[in-house]
Amino acid sequence: MSTTTPEPTRETGPRAGAPDQTADAGLDPTAATAALPADLQDERLIADAGGVGGAVRAFFARLRSGDLGALPVVIGLVIIWVVFQGLNDAFLSPRNLVNLTLQSAAIGTIAIGIVLVLLLGEIDLSVGSVSGLAAAIVAVGTVNKGWPVPLALLAAIVVAAVIGLAYGAIYTRFGVPSFVITLAGLLGFLGLQLKVLGAEGSINLPFESGLVKFAQQTFLPPALAYVLALAAVAVYVGTRLRANARRDAAGLSTTPLGMVAARAAFLALFLVVPILVLNRDRGVSVMFLVFLLLVVVMDFAIRRTSWGRSVMAVGGNVEAARRAGIHVKRVYLTVFALCSTFAAVGGIFAAARLAAANQSSGGADTNLNAIAAAVIGGTSLFGGRGSAYAALLGILVIQSISNGLALINLGSPERYMITGAVLLLAVTVDALSRRSRAAHGRA
């Protein structure tokens, strides 16, 4: 008959084995928590104790412990915009900002898939080739074969999903590193892309095509853009209030109402001001809006679904996740399939915006920019930490650098060097914050 020894209880006080002085002193948990050092305090109790002020103190406590979140990339983006606006006052003009959103949508969508594989601590080097193959399938299908646009889109996405499933199957069945699998895919699917395009090597999409009009000419009416922004704020407030009600009913800590109001006001400002600027030119691109919706949906999936929690668990410690009963193989299969699918959607966006698919589609620096966007945006290369919003923030940084350098008449050499320096800085910050979190017991 086997017996199990219960695991020792982890001490959270300042000294392991010390008697519980909270009950003896008649202190409530909030007061006791406030008396502890910052790295031992329960942030939820701080927030409850001090309202908005408590939440602010908790925020700075997280920063001191190395939990930086998106703060470094936001600060970096502001600095980039201020510098380029100072060098050329056309940088923050409505027309240039509309162009910036159009330039960001395609590779930003590809970067969403890269975020997912990085959360697992893996990589996909073939997203550029897969995006180019998807663009070639759509172009050949609609122009040469006469397929309806929906059929061509479906064919491209299904092919990409099958590619991702194949990656996941090879990885989970044979244990081949994802680096090697996707490197082989980069070469193989580049060849398949050239085969699909045929001897012509380049196919132009008709400008009257709905796909091209969607990418180049479709913008939200100004009033509708404001309505959607306010609706997003209302949904956020409703979600937070509902979460507060459920946590309060369960006897758990809640987000102070003042903090909810402050965040809602910031969100409204963050949405309405850019819309106000963009509406002075062509407005908000529907293609960019689709990209934003994909970011929001995937962020919700990562943070609020059992699948997303499984992804984070596998990325944090695959063996612990397996022992916890998570279907690890299924997680790998779905993530690789989604990564290739997002690559296909991004490739279709790029082809539609350029009104063409050719041998260079998905080539050049597509791979590097997609991976750099995910990392610069805050996704950890070590797995288990990141957000879908990293794709949005990262691609804005990369495209801002590219766009700003073009405005001051600097070309690719400078862009590559600066983007490389920013990427190295982002990885260094991630490594240092990871070390700090480990030192504070928050790894």
Side-chain angles (χ1 to χ4, degrees), residues 101-113 126-167 185 188-221 224 228 282-298 334 336-363 366 370:
T101 61
L102 292 172
Q103 294 163 0
S104 301
I107 297 182
T109 302
I110 299 174
I112 298 175
S126 69
V127 288
S129 295
V130 173
S131 69
L133 175 61
I137 291 174
V138 170
V140 171
T142 56
V143 177
N144 292 357
K145 304 294 184 182
W147 294 353
V149 171
L151 176 60
L153 296 177
L154 179 62
I157 291 174
V158 168
V159 168
V162 171
I163 290 172
L165 288 173
Y167 288 161
F189 295 118
L190 174 59
L192 184 56
Q193 173 188 346
L194 301 179
K195 187 73 172 179
V196 170
L197 289 171
E200 299 179 17
S202 179
I203 299 175
N204 294 326
L205 297 175
F207 284 100
E208 63 273 11
S209 166
L211 197 58
V212 175
K213 289 182 178 180
F214 162 79
Q216 296 184 358
Q217 304 172 23
T218 307
F219 296 87
L220 289 178
L224 179 58
L228 291 177
R282 287 157 287 175
V284 179
S285 164
V286 173
M287 182 173 68
F288 185 73
L289 178 62
V290 172
F291 165 52
L292 292 181
L293 290 176
L294 291 174
V295 169
V296 172
V297 169
M298 289 313 303
T334 54
F336 276 111
L338 281 171
C339 182
S340 294
T341 300
F342 280 116
V345 175
I348 293 168
F349 283 173
R353 179 171 173 266
L354 297 176
N358 51 49
Q359 295 175 345
S360 64
S361 295
T366 300

Closest heavy-atom pair and its distance - Ser126, Gly185: CB-C, 3.8 Å
Nearest heavy-atom neighbours spanning Trp147 and Ala152: CE3-CA, 4.0 Å
Which atom of Val143 lies closest to which atom of Pro206, heavy atoms considered: CG2-CD, 4.1 Å
Heavy-atom closest contact (Ser285 atom, Leu102 atom, distance): OG-CD2, 3.3 Å
Between CG on residue Leu224 and CG on residue Leu228, distance to nearest 0.5 Å: 4.5 Å
Non-hydrogen side-chain atoms of Thr101 and Met287 separated by less than 4.5 Å: no
Geometric class of the Phe349/Phe214 ring pair [parallel <30°, tilted 30-60°, perpendicular >60°]: tilted
Sequence-distant partners of Arg282, side chain to side chain donor-acceptor pair (under 3.5 Å), two or more places apart: Asn99
Reported CZ-to-CD1 distance for the pair Phe336 and Ile163, which is rounded to 0.5 angstrom: 13.5 Å
By side-chain contact (heavy atoms from CB on, under 4.5 Å) - contacts of Val149 (at least two apart): Thr142, Leu153
All side chain to side chain donor-acceptor pair (under 3.5 Å) counterparts of Thr341, not counting sequence neighbours: none
Derivation of the side chain to side chain contact (heavy atoms under 4.5 Å, CB included) call for Phe291 and Ile112: CA-CA 9 Å; Phe291 165 52; Ile112 298 175; 3.9 Å; yes
All N/O donor-acceptor pairs, side-chain side in residues 189-201, below 3.5 Å, sequence neighbours left out:
unit_1 : atom_1 : unit_2 : atom_2 : d
Gln193 : NE2    : Asn358 : O      : 3.1
Gln193 : NE2    : Ser361 : O      : 3.1

Nearest-0.5 Å distance that lies between atom CG in Leu289 and atom OG1 in Thr218: 11.5 Å
Residues which pass side-chain contact (heavy atoms from CB on, under 4.5 Å) with Ala156, listed by chain and number, not counting sequence neighbours: Ala134, Ile137, Val138, Ile348
Shortest non-hydrogen separation from Thr366 to Ser131 and the atoms involved: CG2-OG, 4.3 Å
Any residue meeting side-chain contact (heavy atoms from CB on, under 4.5 Å) with Gln216, in chain and number order, not counting sequence neighbours: Phe207, Val212, Ala355
Nearest non-hydrogen partners of Ala357 and Ala135, listed with the distance: CB-O, 3.6 Å
